[in-house]
Every structure is written in C-alpha cells, then in structure tokens.
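What follows is one structure encoded as structure tokens, with my remarks underneath.
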Amino acid sequence: MKIVVIGGTGLIGSKLAPLLASRGHEVQQASPSRGINAVTGEGLQPALVGADIVVDVSNSPSFEDKAVLHFFESGTRNLIAAAKQAGVRHCIALSIVGTDRLESSGYFRAKLAQERLIENSGLAYTILRATQFFEFIGGIADYGRRDGEVHVSSQLMQPLLSDEVAQALADVTLGEPANGISEVAGPEAAPLADFVGRWLRKQGDTSKIVAGADVPYFGAPLALRTLVPDDGARIMPTRFDDWLGGAVRSA
Ligand SMILES: NC(=O)c1ccc[n+]([C@@H]2O[C@H](COP(=O)([O-])OP(=O)(O)OC[C@H]3O[C@@H](n4cnc5c(N)ncnc54)[C@H](OP(=O)(O)O)[C@@H]3O)[C@@H](O)[C@H]2O)c1
C-alpha cells in the first residue's frame with residue numbers, strides 16, 4: 001500500500017516511516033523541507049495520488065495561539081480535501097491524551113479543532129492520542145524556569161518513549177479504521193514534578209523545583225488525572241528511568 005506521512009521528517013514521522021516501510025509498504029515522508037506543505041497546500045495533491053492511507057504527524061512551527069490554530073485548521077482542511085480527491089481509505093492523526101480537558105490552552109484548542117475536523121470529515125479515520133513523549137520532559141522543565149527555579153505541576157502524567165509512539169501508530173495505521181479515538185501511554189504515572197526532577201538530576205541541573213497542584217501546564221490548569229489516559233489505553237513497556245539511563249550511556 002502507499003502511505004503518506006504528513007510531518008514525516010519530524011520526531012515521530014522519521015521513526016514511523018521506516019517501520020511502515022519494513023512491513024512492505026511504499027512510504028512517502030511529506031513535509032515542507034520535501035516540498036509538501038499541508039497549510040498552503042503546496043505539493044499536497046500530487047503527493048497523495050495513489051495513496052491508500054494518510055497519517056498526520058505534523059506539528060506547528062509556532063505555538064502562539066492564533067498561529068497554531070491556523071496551522072491545524074488549515075492543514076487539516078487541506079489534507080481532508082486532498083485525501084478525498086485521492087480516494088484515501090484511512091486517515092490517521094496523532095493527538096494528545098487530555099486534549100478535550102485542556103481547552104484553556106491555545107495549543108490544545110488547536111489539537112481539538114484538528115480532531116473535530118477529522119471526525120466530521122466523512123473519511124474513515126482513527127485518532128491516536130498519546131501522552132507526553134520522554135523527549136518532551138526537558139521542554140516542560142524549560143517552560144517552567146523562573147528566577148533560577150523550575151515551577152511545575154504536581155499533578156500526574158504518564159509519558160512514553162517516542163519509538164513506542166511510532167510502534168503504536170504503525171499498528172493503528174495498518175489496522176482497520178476505528179472511526180474513533182484510542183490512547184497510548186507509558187507504564188508509569190507519577191507527578192510531572194517527579195519526572196522533571198529526574199530529568200534535571202540526570203543533566204546535573206541542581207535548580208530548585210517548585211511543585212504545586214495549581215501550577216498550570218502550558219497555560220492550562222490541571223486536575224490530578226488530566227494528562228493520564230482512561231482505562232483501555234495501550235500501555236507501552238519502556239520506563240522513563242531506563243530511557244534516561246540509556247540516554248546517558250549513549251551520550
Ligand atoms: N510532544 C509530545 O509530547 C506529544 C505528545 C502527544 C502527541 N503529540 C503530537 O505529535 C505530533 C508530532 O510531533 P513531533 O514531536 O514528531 O513533531 P516535530 O518533531 O516537531 O515534527 C513536525 C513535523 O511537521 C512538519 N511540518 C511543519 N510544518 C508543516 C506543514 N506546513 N505541512 C506539513 N508538514 C509540516 C515538519 O516538517 P519540516 O521538518 O520540513 O519542518 C516535521 O516533519 C504533533 O501533532 C503533536 O501534537 C506530541
């Protein structure tokens with residue numbers, strides 16, 4: 001089958017593409033750096049000619065409220081139109097666990113808009129919501145830096161390894177359309193502050209962590225389980241500490 005991966009050169013896309021190719025499929029990694037832009041529509045229609053499946057793992061270069069909404073709305077509309085014209089039989093998008101519980105964040109409003117456009121597109125679809133990637137925990141720490149301290153939520157998260165996101169996404173891509181949402185997460189739920197602390201200690205960073213239940217997550221208030229998947233999520237095996245140990249050993 002021909003599978004087009006929108007955002008195919010990014011963190012997840014560059015892991016997903018070889019996995020799909022190794023299962024015998026023709027994979028096209030589509031992104032602006034390869035002349036295919038979902039937001040402007042440049043190169044999109046020709047890329048989708050003959051495609052059976054399209055997977056969207058693109059991400060906005062800007063997380064500013066208006067810019068990110070424009071990115072996911074325009075990109076998804078263009079993708080849906082091109083997929084219909086090409087006769088695509090399964091459209092998959094990668095989203096985030098808790099997206100529907102984080103509407104006070106501009107980024108999550110944009111992800112929800114992306115999900116709703118796909119749900120209402122008339123295409124056969126599957127949305128896979130993943131929890132935070134291990135690689136993203138450093139970004140959570142950096143976002144919380146203030147006056148030499150790191151402010152971070154004490155509510156729960158359940159992050160996972162990006163390679164295992166790609167594995168779960170490959171299985172979803174090659175499965176039947178769910179016409180619904182499924183979830184994937186890592187094996188361990190713990191406070192954000194706990195994961196951020198372990199990350200900082202591994203970097204030799206001794207910044208003081210200020211943890212609180214009311215510290216927002218990228219502008220959105222968190223309840224205890226906002227970022228944690230529901231029962232029935234697929235749980236991937238790699239633990240954060242095992243990844244951290246490996247990252248340090250291979251550095
Ligand atoms: N970070 C997390 O913890 C997390 C958790 C769950 C879900 N997600 C979701 O996972 C998805 C993938 O994230 P990622 O970290 O793999 O992203 P990433 O590494 O930032 O990669 C973004 C990809 O999008 C492409 N892109 C940018 N603008 C585009 C456009 N106009 N048209 C088509 N492609 C475009 C980029 O192409 P170029 O290389 O050419 O610029 C790149 O291939 C996102 O939708 C995100 O919401 C993230």
Side-chain angles (χ1 to χ4, degrees), residues 4-17 19 27-45 47-48 54-63 67-80 82-83 92-102 105-115 117-118 127-143 157-170 172-173 181-186 192 195-196 199 217-218 226-229 233-234 236 240 243:
V4 178
V5 182
I6 308 292
T9 56
L11 176 67
I12 300 301
S14 61
K15 294 173 190 284
L16 176 66
L19 277 180
V27 182
Q28 177 157 11
Q29 291 170 269
S31 74
S33 54
R34 303 213 173 172
I36 299 158
N37 189 320
V39 177
T40 63
E42 182 200 350
L44 195 56
Q45 193 61 59
L48 262 65
V54 62
V55 190
D56 187 1
V57 288
S58 65
N59 208 0
S60 174
S62 166
F63 286 12
V68 71
L69 187 63
H70 174 69
F71 179 89
F72 281 113
E73 282 190 336
S74 300
T76 307
R77 283 199 183 102
N78 288 336
L79 188 57
I80 289 167
I92 299 104
L94 181 60
S95 191
I96 307 173
V97 167
T99 287
D100 51 338
R101 302 187 283 262
L102 288 156
S105 150
Y107 185 82
F108 286 95
R109 281 197 300 278
K111 290 298 289 183
L112 197 59
Q114 176 193 25
E115 288 188 359
L117 284 165
I118 293 169
I127 293 167
L128 181 67
R129 286 183 178 166
T131 54
Q132 287 64 43
F133 313 153
F134 290 160
E135 287 86 345
F136 190 59
I137 287 171
I140 298 173
D142 289 342
Y143 184 81
M157 71 186 305
Q158 198 170 329
L160 81 171
L161 182 65
S162 58
D163 303 72
E164 292 177 351
V165 178
Q167 279 172 31
L169 197 54
V172 163
T173 299
I181 297 174
S182 59
E183 295 186 323
V184 62
L192 273 81
F195 284 109
V196 165
W199 164 263
Y217 179 71
F218 295 96
T226 302
L227 297 179
V228 174
R234 181 168 176 188
M236 305 307 277
F240 186 60
W243 175 74

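Both ligands and their constituent atoms are indexed starting at 1 by order of listing.
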Hey, does [Y] have a side-chain heavy atom less than 4.5 Å from the side chain of [X]?
X: Val97; Y: Leu227; result: no
X: Glu135; Y: Trp243; result: yes
X: Asn78; Y: Asn37; result: no
X: Met236; Y: Val184; result: yes
X: Phe72; Y: Val39; result: no
X: Ile140; Y: Tyr217; result: yes
X: Ile137; Y: Met157; result: yes

- Query: Phe240 and ring-ring contact (aromatic ring centres under 6.0 Å, His included): which partner among Phe133, Phe136, Phe134?
  - Reply: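 It is Phe134, the one option of Phe133, Phe136, Phe134 that forms the ring-ring contact (aromatic ring centres under 6.0 Å, His included) with Phe240.
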Using a 4.0 Å cut-off to any heavy atom of [X], which atoms of ligand 1 qualify?
X: Phe71; value: 28 (N), 29 (C), 30 (C), 31 (N)
X: Val39; value: 31 (N)
X: Ile12; value: 16 (O)
X: Ile96; value: 6 (C), 7 (C), 8 (N), 47 (O)

- Residue selection (non-hydrogen contact nearest atom 25 (C) of ligand 1) among Ala110, Gly7, Ser62: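 Answer by nearest heavy atom: Gly7.
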What do you reckon, does [X] have a nitrogen or oxygen under 3.5 Å from a nitrogen or oxygen of ligand 1?
X: Ile6; result: no
X: Gly10; result: yes
X: Ser31; result: yes
X: Leu11; result: yes
X: Arg34; result: no
X: Gln132; result: no

So which heavy atom in the protein is nearest [atom], and how far is it from that ligand atom?
atom: atom 12 (C) of ligand 1; result: Val57 O, 3.2 Å
atom: atom 40 (O) of ligand 1; result: Ser33 OG, 2.7 Å
atom: atom 38 (P) of ligand 1; result: Thr9 OG1, 3.6 Å
atom: atom 10 (O) of ligand 1; result: Leu94 CD2, 3.2 Å
atom: atom 31 (N) of ligand 1; result: Asn37 OD1, 2.8 Å
atom: atom 20 (O) of ligand 1; result: Asn59 CB, 3.8 Å
atom: atom 44 (C) of ligand 1; result: Ser58 O, 3.4 Å
atom: atom 32 (N) of ligand 1; result: Ala38 N, 2.9 Å

Can you tell me how far apart [atom1] ([X]) and [atom2] ([Y]) are? Round to the nearest 0.5 Å.
X: Asp163; Y: Leu19; atom1: CG; atom2: CG; result: 8.5 Å
X: Ser58; Y: Ile12; atom1: OG; atom2: CD1; result: 12.5 Å
X: Ile96; Y: Leu102; atom1: CD1; atom2: CG; result: 8.5 Å

Ligand 1 versus [X]: contacting region, heavy-atom distance under 4.0 Å:
X: Ser162; value: neither
X: Thr40; value: neither
X: Phe133; value: both
X: Tyr107; value: side chain

- Item | Side-chain donor or acceptor of Thr131 paired with backbone N/O of Gln158 under 3.5 Å | yes
- Query: Has the side chain of Lys111 got a donor or acceptor atom that lies under 3.5 Å from a matching backbone atom of Leu94?
  - Reply: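 Such a contact is found between Lys111 side chain and Leu94 backbone.
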Below 4.0 Å from ligand 1: does a non-hydrogen atom of [X] turn up there or not?
X: Gly139; result: no
X: Asp56; result: no
X: Pro32; result: yes

- Got a sec, which residues hit side-chain hydrogen bond (donor to acceptor under 3.5 Å, both in side chains) with Gln28, two or more places apart in sequence or on another chain?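 So Gln28 forms no side-chain hydrogen bond (donor to acceptor under 3.5 Å, both in side chains) with any residue.
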- Quickly, which of Glu183, Glu115, Arg129 forms a side chain to side chain donor-acceptor pair (under 3.5 Å) with Ser95? Name it, please.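 It is Glu115; the other options fail the test.
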